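Only one structure is covered here, and it is reproduced in the block below.
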Amino acid sequence: MWVGIDVGKGFHHACAVDENGKVVFSRKVANGQAAIEQLIARTAGKATEVVWAVDMTSGAAGLLLTLLWATGAPVLYVPGRLVNRMAGAFPGEGKTDAKDAKTIAETARLRGDLTPVTSPDEVVADLKVLTARREDLMADWVRGVNRLRELLAGIFPGLERAFDYSTRSALILLTGYCTPAAIRDADAPGLTHYLRENGAWPKAIPSMVDKALAAANEQTVALPGEAITAPLITRLAAQLLELDREIKDLDKQITERFGEHPAAGPITSVDGFGPILGAQLLADTGGDLRTAFGNSGRLAAYAGLAPVPRDSGRVRGNLHRPKRYHRGLRRVFYLAALSAIKVKDGPSRAFYQKKRSEGKIHTQALIALARRLVDLIWALLRDGREFHNSPPLTANAA
C-alpha cells in the first residue's frame, strides 16, 4: 500500500492506494503526534508493506517525518512541481488536498526513481537550521545595504559614492555623520576621534576622513528631505552593524558544528570549499550522498550541473540546463568554483584555464569546473580521504 500525504501546517491529508490504484482510505489528519500515530496504526492491518510519500521534507513536516521514520517503512519525496505535473494524468481540473494526496500516492506507486527521505544525523539537522537562518540574515543584509545607499544618494550622493557600505568602518561613519554640514562641522579631528572610539579599522581612518571631507566640501546645499532622511540612515546603519555581528556569530557557530561532521575534513580539503559552503552542501544533500543519490551523476543532475538533451526531429545534441534542480546546491558548487580559481598553481585554476583555452567563456568554464568539483567531492566522501590539492584535477582523479 502506498500512502500519499499532502503536508500542511495545521492539518495533513492522507490518501492510501493499493497495488491496483484503488483508494483504500482518504482522510484529514491533524498535525499532532496522537493523530499521526492513529494514521500509522490504521495502515498496520491493511497491507503487508506500506510505502509513505510526502511532498514536503522540512518545516511543518518535521513531526510527521519523525514518526514515519520510527515505523521503519520507506518514506519517499514527491516534489511539489512533480505533483503539479502528475495531476494532469488524472481526471478533473479541480485542486484539493484530497486530490493532491491521491496524486502523491499514485506517483509513488508508479515511479521507481523517487528520492528516499532518510533521517538526517544530528549534525546535519543542526546545520540545516543554522544555514537557513544565515540565508535569511544575508538577504536582510543585502536588502538593508541597498536601501541605505538609496537613502544616502538622495541627500548626499558624494558620500554614497565614496565608500563601500558593506564594510563596518563605513557604517560606523554613518551612525554619527551622514550630512555635508555635520561632516564639515566635525572636521578632521572630530571625525577621527569618532571613528577611533567606535571601532573603525585604524589604518583606514585617515583616508576615510579625507574622502568624507572632500565629499562634504563638494556639496554646500541641503537637499529636500535631509532632516527626515538623515535619522533614518543613522538608524539603518546601526541596525546593519548589529546584523553584521549576528552573522559573524552565526558563522562561528556553523564552523564549529560543521567541524564535528566526519565529512568536514574531505570537503574542506578541496579548493573553494570552506566551512560555510561545506555546511551548506551537507544541509542541501542530507549529509549521506551515497544513500541519497547513488552516483555523482545524479548529484550533478540534482545541482543542475548535468545538461539534459532536448532533441526533436532532425535536431540532435541539443543540450540545455535542466529546469528542475536545487538552486541552492548549484550556487554552492558555483561559488566553490569561483573561489577555487583564485588559488594560484592549483588544479582547479589549471582546469579552468584549460577550458578557457578551448574557447569557453568565463561562465561556461566555471560551470565545467563546478561539475568536476561534484565528481571530486563524491570521490573523497566515498573513499573517506582528503584531497590536499596534490593530484591534478583530471577525470581519473575525480
Side-chain angles (χ1 to χ4, degrees), residues 9 56-62 65-66 77 79 117-149 164-172 199 201 235-289 292 299 302-305 325-340 342 366 370 373-374 377 381:
K9 292 182 179 179
M56 186 183 299
T57 60
S58 61
L65 289 175
T66 300
Y77 174 49
V117 183
T118 56
S119 176
D121 61 41
E122 188 175 348
V123 174
V124 174
D126 291 345
L127 290 178
K128 285 185 178 182
V129 176
L130 294 174
T131 54
R133 175 57 178 165
R134 187 181 191 276
E135 186 176 351
D136 290 341
L137 293 180
M138 291 304 300
D140 293 341
W141 168 264
V142 173
R143 182 168 53 251
V145 171
N146 290 338
R147 182 56 178 158
L148 177 73
R149 299 190 75 103
D164 176 9
Y165 292 101
S166 63
T167 62
R168 289 188 60 86
S169 296
L171 293 174
I172 289 173
W201 189 37
R235 190 178 304 114
L236 183 55
Q239 292 172 354
L240 286 172
L241 286 172
E242 182 59 32
L243 184 59
D244 178 67
R245 281 189 286 268
E246 186 175 355
I247 292 173
K248 289 180 178 178
D249 291 341
L250 187 59
D251 286 349
K252 182 179 179 180
Q253 188 178 1
I254 291 175
T255 300
E256 293 175 352
R257 196 66 174 124
F258 171 71
E260 299 174 9
H261 196 278
I267 291 175
T268 54
S269 69
V270 179
D271 280 345
F273 277 94
I276 303 302
L277 284 182
Q280 191 67 58
L281 172 64
L282 293 179
D284 289 341
T285 59
D288 190 352
L289 275 65
L299 175 60
Y302 185 66
L305 295 172
Y325 61 91
H326 195 292
R327 267 68 178 172
L329 190 58
R330 179 183 173 88
R331 178 177 177 272
V332 166
F333 282 107
Y334 188 87
L335 291 179
L338 195 62
S339 299
K342 298 178 182 178
L366 271 182
L373 290 179
V374 172
I377 288 290
L381 295 182

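From a predicted model like this one, the values you see are computed outputs, not experimental measurements. In this chain, numbering begins with 1 at the start of the sequence shown.
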Name all residues meeting the side-chain hydrogen bond (donor to acceptor under 3.5 Å, both in side chains) criterion together with [X]; count only those two or more places apart in sequence or in a different chain, and write none if there are none.
X: Glu122; answer: none
X: Arg331; answer: none
X: Asn146; answer: none

Under 4.5 Å between any side-chain heavy atoms of [X] and [Y], yes or no?
X: Gln253; Y: Arg134; result: no
X: Asp251; Y: Ile247; result: yes
X: Val123; Y: Leu282; result: no

* **Those residues that, when tested against Lys248, pass salt bridge (charged side-chain N to carboxylate O under 4.0 Å, His left out) (two or more places apart)** => Asp244

Nearest heavy atoms of [X] and [Y], plus distance in Å:
X: Thr255; Y: Pro275; answer: OG1-CB, 3.7 Å
X: Ser339; Y: Gly272; answer: CB-CA, 3.8 Å
X: Tyr77; Y: Met56; answer: CE1-N, 4.0 Å
X: Gly144; Y: Leu236; answer: O-CD2, 3.7 Å
X: Ala264; Y: Gly259; answer: CB-CA, 4.1 Å
X: Arg330; Y: Ala303; answer: CB-O, 2.9 Å

Out of curiosity, [X] [atom1] to [Y] [atom2], how far, rounded to the nearest 0.5 Å?
X: Leu281; Y: Ile267; atom1: CG; atom2: CD1; answer: 4.5 Å
X: Leu130; Y: Ile254; atom1: CG; atom2: CD1; answer: 5.5 Å
X: Asp284; Y: Leu127; atom1: CG; atom2: CG; answer: 10.5 Å
X: Leu240; Y: Arg143; atom1: CG; atom2: CZ; answer: 11.0 Å

* Structure fact -> Sequence neighbours excluded, the answer for side-chain contact (heavy atoms from CB on, under 4.5 Å) partners of Thr268 is Phe258

* Structure fact -> For Glu135, the side-chain contact (heavy atoms from CB on, under 4.5 Å) test, sequence neighbours excluded, returns none

* Indicate the ring-plane relationship of Phe333 and Phe273, choosing parallel, tilted or perpendicular according to the 30° and 60° boundaries. => perpendicular

* Asked: Can you check whether Trp201's main-chain N or O pairs, donor with acceptor, with Ser169's side chain at less than 3.5 Å?
  -> yes

* What residue among Leu329, Val124, Leu381, Ile377 forms side chain to side chain contact (heavy atoms under 4.5 Å, CB included) with Thr285? -> Leu329

